[in-house]
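In what follows, chains are A, B, ... by sequence order, proteins preceding strands, each numbered from 1.
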Amino acid sequence: MGKNLVIVESPAKAKTIEGFLGKDYIVKSSFGHIRDLVKKGYGVDIDNNFTPTYEVQPDKEKIIAELKKLSKGADMVWLASDEDREGEAISWHLSEALNLEKKKTKRIVFHEITKPAILKAIQNPRAIDINLVNAQQARRVLDRLVGFELSPILWRKVRPSLSAGRVQSVAVRLIVEREREVQNFKSTSAFKVSALFIAGKATVKAELDKRFNTEAEAQKFLEKCKTANYSIGNLETKPAKRSPAAPFTTSTLQQEASRKLGFSVSQTMMLAQRLYEAGKITYMRTDSVNLSETAINQANEAINKNYGKKYYQPRTFKTKTKGAQEAHEAIRPTYINVTEVEGDAKEVKLYDLIWKRTIASQMSDAELEKTTAKITISTTSETFVAQGEVLKFDGFLKVYLESSDDDDENEDENSTMLPPLKVGEKLQSKEITAQQRFTHHPPRYTEASLVKKLEELGIGRPSTYAPTISTVQKRNYVEKTDREGTPRNYSVLTLTGANVKQETKTENTGAEKSKLFPTDIGMVVNDFLLLHFPEILDFHFTAKVEEEFDEIAEGKLDWTKMLKDFYKPFHKTVEKTTENSERQSGERELGVDPVSKKKVIVRIGRFGPLAQIGETNEEKGTKAQFAALRKDQRMETITLDDALLLFKMPRIVGEFEGKEMKVGIGRFGPYVVHDSKFTSLTKEDDPYTVNGERCTELIKVKREKDLAKIIKTFPENPNLKVQFGRWGPCITLGKDFFRIPKEKEPAKLSFADVIQIIGGMDAYEQVIANADKKSKKFGAKKDKAEPKAKAAKGKTSKALVFKAPSKKVSIKKPVFKKAASKSTAPKRVIKATRKKTAKRK
DNA sequence: CAGTGAGCGAGCTTCCGCTTGACTT
């Protein structure tokens with residue numbers, strides 16, 4: 001037999017499979033899709049039966065060249081991409097792009113990476129399923145058409161650079177609608193009654209079988225209890241059992257890692273990727289809950305060895321996810337006998353989670369015994385109920401228990417044991433309390449609970465959950481933030497002996513951590529799309545088109561016909577909307593300004609949400625006043641009073657050294673600016689009332705602090721200093737920073753030394769000129785940082801220049817301008833880019 | 001770092017799914 005070329009999607013998979021197949025087989029990977037619709041324009045010829053135009057993705061040119069060469073020399077090419085719609089398309093694109101001969105090409109599939117599975121696949125090859133490929137083309141083209149027709153409408157009607165799509169727009173809708181549910185939620189309260197009884201030597205905790213709507217009713221009930229006798233009216237013991245959850249899919253892994261370990265969705269995926277690449281776990285982007293036979297056998301061994309035979313119970317799970325394609329196994333340890341891995345702490349934790357979940361899925365049910373005791377009250381018909389739970393056999397609970405999203409108020413002191421009780425037995429009441437409890441609004445989404453919801457709706461795929469969440473945040477439709485709670489009073493009535501005591505207590509309510517909130521722009525875009533394109537935004541739109549894709553895959557429906565039927569009415573709506581719809585600014589009238597008697601509105605402006613008093617009208621000579629909304633304010637909920645307060649800012653609070661002091665609220669909170677220098681106000685200072693005296697004080701303190709940082713100044717230029725920066729001594733020139741070479745002593749630097757470090761006189765002057773230019777360009781068209789960077793790099797800079805650290809900049813691209821020279825060139829200063837370049841260990 | 005609230009307009013933005021890159025010393 002001659003040489004065989006096998007092509008799979010993932011390089012890690014290629015490595016594993018090569019080991020199974022011996023030396024007649026070369027296994028290579030395509031790194032996912034290799035061709036896509038052309039990037040420019042639609043890439044689809046709509047008038048010509050939706051003919052797509054594909055191009056090899058630029059980053060895949062190299063791999064295609066290599067595969068081409070290898071396929072030429074091979075006797076047989078085995079296309080082994082995943083067994084799903086996308087995988088079939090990858091095989092098809094490969095056969096096209098590599099110009100493979102039909103008789104030299106075979107298509108094989110397997111959904112687990114085990115030796116028997118691979119060998120069996122090789123023995124059962126088939127041809128490319130063109131129907132399945134067409135289903136993928138339909139999916140791809142539909143997504144392109146939806147995205148590329150909707151987005152431009154948003155550019156015209158709302159704001160440039162926005163986006164819309166089949167998946168992201170529904171994700172945003174979910175978050176917007178949930179937020180409105182929260183806003184419209186009216187909390188009600190009721191009194192929950194619980195009691196502590198004494199039975200012999202033991203205490204029994206019980207809860208009343210009803211709640212009281214008012215404090216008066218609760219009070220009345222407690223009055224009745226004063227003279228009451230209590231006895232066991234009924235006892236019931238029932239066996240119960242609990243079963244383990246299925247092994248992890250991408251979505252359930254993301255949820256559990258979020259609940260149990262506090263990882264974000266993308267963090268989980270990054271860690272899982274590393275574990276996968278290290279050969280520790282199976283593939284992490286999967287919707288399947290299946291375990292291979294090999295894995296089940298390994299689990300059997302591990303359970304017998306670690307816990308005993310009684311704990312083993314083999315199970316197979318069926319996916320409940322609609323539209324699951326199950327091209328892979330569930331996520332599991334590659335070798336189940338490896339109970340823990342070494343290395344990065346977070347990887348270790350994630351592996352442990354996967355290991356436990358996998359093992360637990362093959363373990364016995366937990367057996368419980370639930371006892372319910374009803375306690376009668378002699379003076380009234382209500383009854384108290386005490387519940388106890390005894391674990392008879394722990395089963396899978398020995399290793400793993402799935403968490404739930406609403407662990408909010410499950411304070412039922414779960415699974416306590418009841419003492420031995422008898423029917424008719426008398427109980428002593430020790431204490432009865434009636435506590436006011438409030439109803440909760442539906443929970444806001446976390447990243448993970450949003451993924452769960454999307455999966456339930458069949459929207460998105462394992463490979464896109466994490467990217468979707470980052471897209472809606474990048475577009476500024478959604479933000480993940482914390483929110484501080486507000487205190488709320490509640491009432492507690494306590495009966496001890498013959499005394500009822502009333503207390504008012506305070507609890508914190510509404511606090512949120514890492515939850516998804518819609519932004520103003522997110523709401524405006526959502527409302528606009530929902531108004532004009534309800535079909536696309538429908539929660540079942542994806543499910544509906546998926547059904548049609550399935551029909552295409554089964555050969556029952558022509559893919560271009562499906563697209564035509566979709567596109568015709570859709571495009572009509574697009575045209576109608578482009579022509580007829582109003583520009584959307586989310587404008588909302590708040591009321592009238594009592595001072596000027598002019599209308600106050602909020603709307604989205606060029607730089608985001610703003611409040612506006614009056615209108616600009618040249619004929620009448622009126623001019624509108626503007627104030628940006630604060631970050632924690634929403635157009636939908638801001639009140640007139642809050643909006644009016646915004647116009648009080650910035651506020652001139654007085655004079656100091658002949659220059660005025662202005663107080664404002666900026667991106668980083670309240671500040672006072674004096675002589676164009678900013679000083680932050682402290683938490684105790686209210687920016688609306690703080691006076692000049694206090695501001696002067698703050699400015700003086702700031703000056704002293706700044707002064708303490710300065711190591712050296714130069715008479716040649718007051719803006720040039722040697723001072724302590726965040727990472728030790730450095731040279732500052734205006735807002736540019738320069739690193740001091742190790743061998744130099746900061747305090748002893750001369751002006752000439754400094755110029756040399758900056759890179760010579762030319763460079764020095766250039767930096768000053770660039771700084772000037774930048775400040776002048778303010779309010780001009782666009783951010784002019786780019787030309788500045790070029791100038792500095794191309795001509796002058798011989799030293800490293802870096803800007804003051806700013807989160808945005810450091811993540812996006814390194815702001816270092818690398819020195820064009822040589823030995824004296826200092827090394828990198830900050831590790832701002834480290835995260836990005838950090839590798840698997 | 002923090003302000004701004006227009007339309008003399010050139011050309012850009014955008015989708016969803018697959019998968020991991022990585023010029024130099």
Side-chain angles (χ1 to χ4, degrees), chain A residues 8-13 29-37 39-44 57-60 62-63 81-82 84-90 93 136 139-155 159-169 273 276-277 283 285 327 459-465 467-468 471 475 542 603-612 616 623-628 649-650 662 664-673 676-680 735 775 778-782 803-809 818 825 827 836-837 839-840:
Chain A
V8 296
E9 290 182 36
S10 143
K13 201 192 260 188
S29 96
S30 72
F31 295 83
H33 273 298
I34 49 147
R35 297 203 307 187
D36 191 16
L37 294 175
K39 256 190 85 171
K40 253 190 174 234
Y42 275 33
V44 178
Q57 290 149 240
D59 54 330
K60 298 295 165 58
K62 236 171 111 181
I63 185 76
S81 46
D82 296 346
D84 58 18
R85 201 161 63 204
E86 299 297 327
E88 202 69 19
I90 289 176
H93 279 298
Q136 193 273 347
R139 198 280 304 156
R140 180 65 191 93
V141 170
L142 181 126
D143 281 337
R144 170 62 65 94
L145 293 175
V146 169
F148 277 34
E149 296 222 345
L150 288 188
S151 301
I153 302 182
L154 295 179
W155 306 342
R159 192 194 240 184
S161 303
L162 295 176
S163 67
R166 175 176 57 83
V167 173
Q168 58 167 287
S169 296
Q273 175 90 28
Y276 167 68
E277 284 174 11
Y283 197 56
R285 289 184 276 264
I459 300 173
R461 302 279 310 130
S463 65
T464 58
Y465 295 138
T468 299
T471 301
R475 295 267 172 281
T542 291
R603 65 179 176 91
I604 298 215
R606 179 137 90 107
F607 307 107
L610 60 85
Q612 178 179 346
T616 304
K623 209 160 183 262
Q625 278 178 277
F626 300 99
M649 213 59 86
K662 220 164 35 176
I665 298 176
R667 282 204 297 162
F668 309 104
Y671 64 87
V672 52
V673 60
S676 64
K677 287 186 192 80
F678 290 86
T679 307
S680 293
K735 281 169 184 171
S775 58
F778 228 107
K781 281 187 197 169
K782 267 188 184 163
K803 288 220 192 95
S806 132
K807 273 178 205 157
K808 254 186 206 147
V809 178
K818 176 107 199 234
K827 280 182 199 154
K836 221 182 155 185
T837 51
K839 271 202 148 180
R840 47 204 155 273

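When each of B:dG5, B:dT19, B:dC15 is scored by its nearest atom to the side-chain atoms of A:P11, the top-ranked nucleotide is B:dT19. Residue A:T471 places its side chain closer to B:dC15 than to any other of B:dC15, B:dT4, B:dC18. Residue A:S680 places its side chain closer to B:dA2 than to any other of B:dC18, B:dC15, B:dA2. Of the candidate nucleotides B:dT13, B:dC16, B:dC18, B:dT13 has the atom lying nearest to any side-chain atom of A:P160. Checking B:dC16, B:dT13, B:dT19 against every side-chain atom of A:S463, the shortest atom distance belongs to B:dT19. When distances run from any side-chain atom of A:F626 to the nucleotides B:dA22, B:dT13, B:dG5, the shortest one goes to B:dG5. With B:dT19, B:dC16, B:dT13 as the candidates, the nucleotide lying closest to the side chain of A:D36 is B:dC16.
Across the protein-nucleic acid pair, A:Q57 atom CD and B:dG21 atom P stand 16 Å apart, rounded to whole Å. In this structure, the CZ atom of A:R606 is 14 Å from the P atom of B:dG9, given to the nearest Å. Separating the CG atom of A:L142 from the C1' atom of B:dT14 is a distance of 15 Å, rounded to the nearest angstrom. The nearest whole Å value for the distance from the NE2 atom in A:H93 to the C1' atom in B:dG17 is 11 Å. For A:L162 and B:dC12, the CG to C1' distance is 14 Å, given to the nearest whole Å. Between the C1' atom of B:dA22 and the CD atom of A:Q273 lies a distance of 15 Å, rounded to the nearest Å. Across the protein-nucleic acid pair, A:D59 atom CG and B:dT20 atom P stand 13 Å apart, rounded to whole Å. Computed from coordinates, the A:K623 NZ to B:dT4 C1' distance equals 11 Å when rounded to whole Å.
Among the protein residues, A:V167 comes within range of the sugar-phosphate backbone only, with heavy atoms under 4.0 Å from sugar or phosphate atoms but none that close to a base. Residue-level contact check: A:R85 touches neither bases nor backbone, having no heavy atom under 4.0 Å from any strand. Residue A:G32 is in base contact, counting any heavy-atom pair closer than 4.0 Å across all strands shown. Within 4.0 Å of A:A628, counting heavy atoms only, lies at least one base atom of the nucleic acid. Residue A:Y42 is classed as having no contact, given no heavy-atom separation below 4.0 Å to the nucleic acid. Within 4.0 Å (heavy atoms only), A:G43 reaches no atom of the nucleic acid at all. Nucleic acid contact for A:G605: base, since at least one base atom lies under 4.0 Å from a heavy atom of the residue. Across all strands shown, A:Q168 has heavy atoms under 4.0 Å from sugar-phosphate atoms exclusively, and none from any base. Contacts of A:P152 with the nucleic acid, taken as non-hydrogen atoms under 4.0 Å apart, include base atoms. In this structure, A:G460 reaches the sugar-phosphate backbone alone: every heavy-atom distance under 4.0 Å involves primed, P, OP1 or OP2 atoms, never a base.
With sequence neighbours left out, A:K677 forms a salt bridge (Lys or Arg N to Asp or Glu O under 4.0 Å) with A:D675. Shown here are the side chain to side chain contact (heavy atoms under 4.5 Å, CB included) partners of A:A628, two or more places apart in sequence or in another chain: there are none.
Both geometric conditions, a ring-centre gap below 5.5 Å and a plane tilt below 30°, are not fulfilled together for A:W155 over the base of B:dT14. The aromatic ring of A:F678 sits over the base of B:dA2, with ring centres less than 5.5 Å apart and planes tilted by under 30°.
OP1 or OP2 of B:dC15 has at least one side-chain nitrogen or oxygen of A:R475 nearer than 4.0 Å. The phosphate of B:dG17 has neither OP1 nor OP2 within less than 4.0 Å of any side-chain N or O from A:Y465. Of the side-chain N and O atoms in A:R35, none sit less than 4.0 angstrom from OP1 or OP2 of B:dT19. Distances shorter than 4.0 Å separate none of the side-chain N or O atoms of A:R603 from OP1 or OP2 on B:dG5. OP1 or OP2 of B:dC18 has not a single side-chain nitrogen or oxygen of A:T464 nearer than 4.0 Å. Neither OP1 nor OP2 of B:dT13 sits under 4.0 Å from any side-chain N or O of A:S151.
Here the OG atom belonging to A:S169 is positioned 7.5 Å from the CG atom belonging to A:L154, to the nearest 0.5 angstrom. Considering CD of A:E86 and OG of A:S81, their distance stands at 10.5 Å, rounded to 0.5 Å. Rounding to the nearest 0.5 Å gives a distance of 7.0 Å between OH of A:Y283 and CD of A:E9.
Residue whose closest nucleotide on DNA chain B sits further toward the 5' end, between A:H33 and A:R144: A:R144.
Residue-to-nucleotide contacts include no donor-acceptor pair under 3.5 Å from the side chain of A:S163 to the base of B:dT14. Taking 3.5 Å as the limit, the base of B:dC18 and the side chain of A:R461 contain no donor-acceptor pair of atoms between them.
Straight-line distance between the C1' atoms of B:dG11 and B:dG7: roughly 16 Å, to the nearest whole Å. B:dG9 sits 16 Å from B:dT13 when the C1' atoms are compared, rounded to a whole Å.
Of the N and O atoms on the side chains of A:H33 and A:Q57, not one donor lies less than 3.5 Å from an acceptor on the other residue.
Across every non-hydrogen atom of A:P650 and A:K662, the tightest pair is CB-CG, 3.9 Å. What you find for A:F148 and A:G41 is that their closest heavy atoms are CE2-O, 3.5 Å.
Using a cut-off of 4.0 Å between Lys/Arg side-chain N and Asp/Glu carboxylate O, A:D82 and A:R285 are scored as not salt-bridged.
The closest side-chain heavy-atom distance from A:S151 to A:S163 is below 4.5 Å. Side chains of A:H93 and A:D36 form no contact here, defined as non-hydrogen atoms less than 4.5 Å apart.
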Exercise. Using Watson-Crick or G-U wobble pairs with both distances under 3.5 Å, give me DNA chain B in dot-bracket, 5' to 3', with [ ] for crossers and | for pairs to another strand.
Key: .........................
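Taking syn as a glycosidic angle within 90° of 0, B:dG17 does not qualify and is anti.
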